[in-house]
Amino acid sequence: MGDVAFGVVLSLIAGIINGSFAAPTKYSRLWKWENIWAVWAIVALFILPWTFGFLTIPDLFSVYADAELRPLLLLVGFGIGNGLAQICFGLGLAAIGLSLGFAIAIGISTALGSLGPLVILHPELIPTAKGMTIIGGVILILVGIVVCAVAGRMKEAALQPAGVSQQSSSGGGSGKKFIYSILAGILSPTTNFALAFGGPLLAHAADHGAKEMFKANVLWPPFLAATLVPYLAYCAFLWRKNGSFKLYSLPGTGHYWVLGLVMGLLWTGSLYMFGASATYMSTMGPILGWPLFMSIIIITSNVWGFATGEWKGAGSKPVSFMLGGIVFLILGFCTLALASR
């Protein structure tokens, strides 16, 4: 198996793990959203990245000291953008619903995350067969996401009690409701951009003896620490607003901390695996790996949805649309895999 093919396999596995990491939230019903997600954030965005960084990158601080300031500042900037993206994503879901919010945010993220590096780093590939194949694969993935979103909307309508409006209760004009999801989609590719523009740090890590599979680990400590700042600030706002900080000491919830730890391990593990896949695919990693990663996340999360009964009672038509959307996603993933040849 060649390096590119091995990178594709790693992207697939990373997507399956990432699509599964939120499953423990279904078993933390006595905590509010900000309780379980704050535990996840501290584990996934701070503790694990620095732990793995020290374990896999020789002389980690020396690597940062030897690097130029610009790539470090870019990582911090991308990390803050990623933290804001997570906040906007949650607000978008509250404003326009799950199906439409996912369609807009992930659709924009997938397009920008794959086409951005192609246009900026490899514009010469655009008019070639490889470039056209990549663009075709992205289009198929976007079509699949839209079809899945339509299926989600149909499911919501089928499960909506009679006489209850589907309109969001969050208020505000329709244009304002879309802004959050649009911003989330624009900011979400910052993870991919961290890989695409973190080349100087990757080179310094290799010079200090980091193995090829682990050298991307040099990017995550500063990137995810910056992500944690706005994210944790938002959780603190919700603790105060909802009076939910006291729920951490609620009897019978001790194992919820373990669930948050598991979520952090799964999410961070998927990110590290995606970083490794991108290094194996070299400069094509951000172009090919990102849409593959995103499509498998969507497929896996929908499998979890079916397994936990989220589609029970929705009827056959929404399920058929969802399966059709997954088919488009798989076709898109196969097209992008073909582009790697």
For the aromatic rings, using the six-membered ring if either is Trp, is the centroid distance between Trp37 and Trp31 under 6.0 Å? no

Quick check: Tyr231 with Trp40 (ring centres under 6.0 Å apart)? yes

For Trp50 and Ala225, the nearest pair of non-hydrogen atoms, with its separation, is NE1-CB, 4.2 Å

Any side-chain heavy-atom pair from Leu48 and Val43 closer than 4.5 angstrom? yes

Please indicate whether Glu124 has more than 12 foreign heavy atoms, meaning atoms of other residues, nucleotides or ligands, lying under 6.0 Å from its CD. yes

Can you tell me how far the CG atom of Leu329 sits from the CG atom of Leu140, to the nearest 0.5 Å? 9.5 Å

What's the separation between atom CZ in Phe237 and atom CD in Glu34, rounded to the nearest 0.5 Å? 10.0 Å

Side-chain donor-acceptor pairs under 3.5 Å in residues 71-85, sequence neighbours left out?
{"from": "Asn82", "atom 1": "OD1", "to": "Gln86", "atom 2": "NE2", "distance (Å)": "3.4"}
{"from": "Asn82", "atom 1": "ND2", "to": "Thr227", "atom 2": "OG1", "distance (Å)": "3.4"}

In the structure I gave you, are the side-chain heavy atoms of Leu142 and Val146 within less than 4.5 Å of one another anywhere? no

Please report the shortest heavy-atom distance between Gly7 and Ser277, naming the atom on each side. O-CB, 3.1 Å

Does His204 reach the side chain of Val218, with side-chain heavy atoms less than 4.5 Å apart? no

Ile87 with Met263, same ILVMFWY side-chain cluster at under 4.5 Å: yes

Treating Ile, Leu, Val, Met, Phe, Trp and Tyr as nodes and any side-chain heavy-atom pair under 4.5 angstrom as an edge, say whether Met273 and Phe214 lie in one connected cluster. no

How close do Ala205 and Lys215 get, heavy atom to heavy atom, and via which atoms? CB-O, 4.0 Å

Shortest non-hydrogen separation from Ala67 to Leu201 and the atoms involved: CB-CD2, 3.4 Å

In terms of hydrophobic clusters joined by side-chain contacts under 4.5 Å, are Leu232 and Leu247 together? yes

Contact between His208 and Ser62 at the side-chain level, heavy atoms closer than 4.5 Å - yes or no? yes

Using every non-hydrogen atom in the two residues, find where Tyr256 and Leu30 come nearest and quote the distance to one decimal. OH-N, 3.4 Å

Show which side-chain atoms of residues 16-25 pair as donor or acceptor with protein atoms under 3.5 Å away, not counting sequence neighbours.
{"from": "Asn18", "atom 1": "ND2", "to": "Ser270", "atom 2": "OG", "distance (Å)": "3.0"}
{"from": "Ser20", "atom 1": "OG", "to": "Ile16", "atom 2": "O", "distance (Å)": "2.8"}
{"from": "Ser20", "atom 1": "OG", "to": "Trp304", "atom 2": "NE1", "distance (Å)": "2.8"}
{"from": "Thr25", "atom 1": "OG1", "to": "Ala22", "atom 2": "O", "distance (Å)": "2.6"}

Of all heavy-atom pairs between Met132 and Pro127, which one has the smallest distance, and what is that distance? CE-CA, 4.4 Å

Looking at CG of Leu228 and SG of Cys235, how far apart are the two atoms once the value is rounded to the nearest 0.5 Å? 9.0 Å

Is there side-chain contact between Ile299 and Ile330, with heavy atoms separated by less than 4.5 Å? yes

Using a 3.5 Å distance criterion without hydrogens, assess whether the side chain of Tyr248 forms a donor-acceptor pair with backbone atoms of Asn35. yes

Side-chain heavy atoms under 4.5 angstrom apart, residues restricted to Ile, Leu, Val, Met, Phe, Trp, Tyr: same cluster for Leu238 and Leu250? yes

